[in-house]
Protein chains: 2
Amino acid sequence: MNNTKYDALKLENQICFPLYACSREIVKRYKPFLEEIDLTYTQYITMMVMWEKKCVNVKELGESLYLDSGTLTPLLKKLEAKGFLTRKRSDQDERNLIVTITEEGEKMKEKAVDIPFKMAGCTNLTEEEGMMLYRILYKILGNDL
Amino acid sequence: MNNTKYDALKLENQICFPLYACSREIVKRYKPFLEEIDLTYTQYITMMVMWEKKCVNVKELGESLYLDSGTLTPLLKKLEAKGFLTRKRSDQDERNLIVTITEEGEKMKEKAVDIPFKMAGCTNLTEEEGMMLYRILYKILGNDL
DNA sequence: CTCTATTGAATTGTGCACAATTTAATTATA
DNA sequence: TATAATTAAATTGTGCACAATTCAATAGAG
């Protein structure tokens, strides 16, 4: 029993710190696989949205990824330069930038399709732990305090 | 039942994505509290180590925080400029840089001490969920695959 | 004791994140 | 319908992260 009012300031008593460390750690484990298809992690999750939706504006993309235009604008320009998507203003409302996946972007999906399975071996969680983690993380994300 | 081999590439089926989003989300919730004491989140967890250890070299600090010298060197220079710590090469082994907390850095602790309690209200997890999350995250971090 | 290998920080360069501001387009209102 | 308010992206500036390289100091092998 050596509790002090400072215990709450110890690194080992934080919940945010392992979250932050873990996030970076897993992104690091993705890196070798993502390098093979010339994507960074953020570009990869962006492509995931594109593979599903084919066509979105920056705002929708930002809501899906919890990212803003300050992050997305330069990132989308890079993905456009790589040929995976196109960027074009909407005719109906020129404030909106429409991002559309290209043929080449679609082809990428074939090269990406085994990454999730390769990554599955990179964590030592049981299926139950994985589901629990998933549920708790989305509970936090859903909490708009 | 519309399962395809592409389901594993959907954003909603990722475990890493909510981890990444959640980590950033919580750091964002810290920001208003940390601004009051003029620290960024990374500077804050660095100070946590300093409050506990008083004196460490960059390597030890990096092991505690899962960060390397590329991140820590500029960060420590900023904390030194703010007067919270000093940086000095070891006499025994000049390769080592000894980081030591200052009187002023110690005083900061008083101003930081209620941040964990303020943050506690910022997540909607039960105590059990918090403990579960903590356990699972450290299980991943401990896994040196 | 000298040469080589290793170690610990610092440096360099790239890519996010994000707050804050700006710009242009659209909508709402007096 | 002018004007004000709002909206969507882009821009600007700061601060990480991190791979890769460099540099200086020390340890180890012959």
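Note on naming: letters A, B, ... go to the chains in the order of the sequence lines (proteins, then strands), and numbering restarts at 1 for each one. Only a predicted model underlies this, so the values are computations on that prediction, with no experimental measurement involved.
Atom-to-atom, CG of Asn96(A) to P of dT23(C) comes out at 20 Å; the value is rounded to the nearest Å. Rounded to an integer number of Å, the gap from CG of Asp68(B) to P of dT7(C) is 17 Å. For the pair Ile45(B) CD1 and dC16(D) C1', the interatomic distance rounds to 11 Å; values are reported in whole Å.
The residue Thr40(A) sits close only to the backbone: its heavy atoms come under 4.0 Å of sugar-phosphate atoms, none of a base. Residue Gln92(B) is classed as a sugar-phosphate contact, given heavy-atom separations below 4.0 Å to backbone atoms only. In this structure, Leu75(B) reaches the sugar-phosphate backbone alone: every heavy-atom distance under 4.0 Å involves primed, P, OP1 or OP2 atoms, never a base. The residue Thr42(B) sits close only to the backbone: its heavy atoms come under 4.0 Å of sugar-phosphate atoms, none of a base.
For dA8(D), the base has no donor-acceptor partner in the side chain of Ser69(A) [N/O atoms by modelled type, under 3.5 angstrom].
Side-chain contact check for Glu104(B) versus Lys82(B): every heavy-atom pair is 4.5 Å or farther apart. Here the side chains of Ile26(A) and Tyr20(B) are not in contact, with every heavy-atom distance at 4.5 Å or above.
Nearest nucleotide to the Asp93(B) side chain, out of dG15(C), dT11(D), dA25(D): dA25(D). Closest to the side chain of Lys78(B), out of dA10(C), dC18(C), dG15(D), is dG15(D). Out of dC18(C), dG15(C), dT26(C), the shortest distance to the side chain of Arg95(A) is found at dT26(C). Listed nucleotides dA9(C), dA10(D), dA19(C) differ in distance to Arg89(A); the shortest reach to its side chain belongs to dA10(D).
Mapping Pro74(B) and Lys31(A) onto DNA chain D via the closest heavy atom, the residue that lands nearer the 5' end is Pro74(B).
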Step by step, work out the side-chain contact (heavy atoms from CB on, under 4.5 Å) result for Leu76(B) and Leu61(B).
CA-CA 10 Å; Leu76(B) 292 172; Leu61(B) 198 53; 3.7 Å; yes
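Looking at every heavy atom in both residues, Ile101(A) comes nearest to Glu106(A) through CG2-OE2, 3.6 Å.
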